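Values below: all heavy atoms of this structure, side chains included; hydrogens, waters and symmetry mates excluded. Atoms within a ligand are numbered from 1 in the order they appear, just like the ligands themselves. Keep in mind that what you see is a predicted model, and the values were worked out from it rather than measured.
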Amino acid sequence: MSVTSRNLQLYNSLSGKKEKFEPLHENNVGMYVCGPTLYSEPHMGNMRTFINFDLIYRYLLHLGFNVKYVRNITDAGHITNSAGHEEDSIGKAARLEQMQSLEIVYKYNVKFQELQRIYNLLPPSIEPTATGHIQEQIEIIEQILNNGYGYAVNGSVYFDTKKYMQDFNYGILSGRKVDELENETRNLNAQDEKRFFADFALWKKANPDDMQIWRSPWGNGNPGWHIECTAMSTKYLGKHFDIHGGGMDLKFPHHEDEIAQSCGSFGCNPAKYWMHANMLNVNGQKMSKSFGNYFLPKEIIEGTTNLFKKAYPANVLRFFMMQAHYRSTLDFTETALDAAEKGFSRLTDGLNLIEKLNTAENSSFDVQSIVSSFYEAMNDDFNAPILIANLFDAVKQINLINDGNATINKADKDLLETEMKSFVFNVLGLEIASSNNDSKLKPVMELVLDLRQQARTNKDWTTSDKIRDGLAAAGIVVKDGKEGTTWS
Ligand code: AMP
Ligand code: ZN
């Protein structure tokens, strides 16, 4: 990778501007992204955020950086104020499903790991868990208390926002003003324990029915919502690292409070660049478990939702996500998914065609500038939709060459093929079956589906299910419809 292609600009939520990306330690990048709370199966909205940070991770790797990518797993129940009342989401799921908290987390982590494979996400360097870092969280709380930015009351510990505001800027990231916060937080329970309405819990005294309880210098309890990310990011990346990311909805209070905790304990904002990925919406509203407007990734792949008439393979869904910039909202609609499916197949055809192109002595167009346009798009704050538009320009040229209306020489063809494949496979993370594989797989699939049909006719459901599950495990989805059985 040439150094000139490293002219990366990224939007820093902290400054509200695009800035040149200059890592703190030359070639090494530390990136922390807030991971899922595993009390239920991640929905398409959650996946969008993780897919967007996967794109960012992949492009940093593509530019040749050594990236240490830390994404946590929230497996400790936190009391959060959702929909106007306090609840511990993991504890609630455990009660409903009659399991222990860590059983719930383990169950949904298995699903989450499977989804990452299906959607072709690269595994982070480390996925630390909150429950594995209770001691580190306690130590940071002690540091905050020693520095005078917290107070213990009745077995709980709170962050002293008023004291903090004398020395630091609370609201530096979100731009929130404390007087605007007053109305929103007035109804919180245990409000009377706090000295000031904007104070937040670092440690909460245990309730008798809490499933997860830890010992601490302040008595039995559990950590506040924000402290785990401060503990795990600084443990693995240091007190000041390059990139901190998460969904836009985490900017406040979660990330604002992480900054307050880091400044209050170590005296500095933990990250140089703060990045926020925007929401996946349904009819203009954020997809969310609590609104009930969510879709599970598997439902879409298997075509079992009421919203869509058919199934969409994982690579089409990933392509659909890549067609929107990570800072824009994206609406989940059938029309958009159908358009993505068409676009993806046009790109696939182009990539399959380039392998077979005849070369000429000269190229009739400037291949180098097309390749540069791929880098320019991604260097402009990871602009995947522009990259895709530029890839389509390349496909147009490929079709012209194939029709005899343009020419390409051997060196240019090799360059274009290598760069296109690299951007599509490695950067966008799209898996494309080559036409070669498809043609070999087709007769095999016909045979397998024929055997499955025979089993179904004989009402041998064990065999037919075995075939279906085996194919699913290999990433092949079988769908029975009016027009017969199809696979993708
Ligand atoms: P949670 O499990 O609720 O902590 O969410 C995990 C991640 O998914 C966070 O980074 C959220 O910002 C993100 N997220 C939640 N809902 C959506 C959505 N509709 N679109 C995009 N990201 C989301
Ligand atoms: Zn976090």
Does ligand 1 come near enough to Thr49 that some N or O of the ligand is less than 3.5 Å from an N or O of the residue? yes

Do any N/O atoms on Leu280 end up under 3.5 angstrom from N/O atoms on ligand 1? yes

As an exercise, identify every atom of ligand 1 less than 4.0 angstrom from a heavy atom of Lys286. 16 (N), 19 (N)

For ligand 1, which atoms have a heavy atom of Leu250 less than 4.0 angstrom away? 9 (C), 10 (O), 12 (O)

Which segment of Asp249 sits under 4.0 Å of ligand 1 when only heavy atoms are counted: side chain

Mind reading off the angle at the Zn ion (ligand 2) between the SG atom of Cys34 and the SG atom of Cys229, rounded to 10°? 130°

Distance under 4.0 Å to a non-hydrogen atom of Phe50: what atoms of ligand 1 satisfy this? 6 (C), 7 (C)

Whether Tyr294 lies under 4.0 Å from ligand 1, heavy atom: no

Taking both backbone and side-chain atoms of Gly246, is any N or O found less than 3.5 Å from an N or O belonging to ligand 1? no

Enumerated ligand 1 atoms positioned under 4.0 Å from heavy atoms of Thr37: 2 (O), 4 (O)

Check for me whether His43 has a heavy atom closer than 4.0 Å to any atom of ligand 1. yes

Say whether Ser288 and ligand 1 are in contact under the criterion: heavy-atom distance to a ligand atom below 4.0 Å. no

I need the contact type for Asn46 against ligand 1. Using non-hydrogen atoms and a strict under-4.0 Å cut-off, is it side chain, backbone, both or neither? both

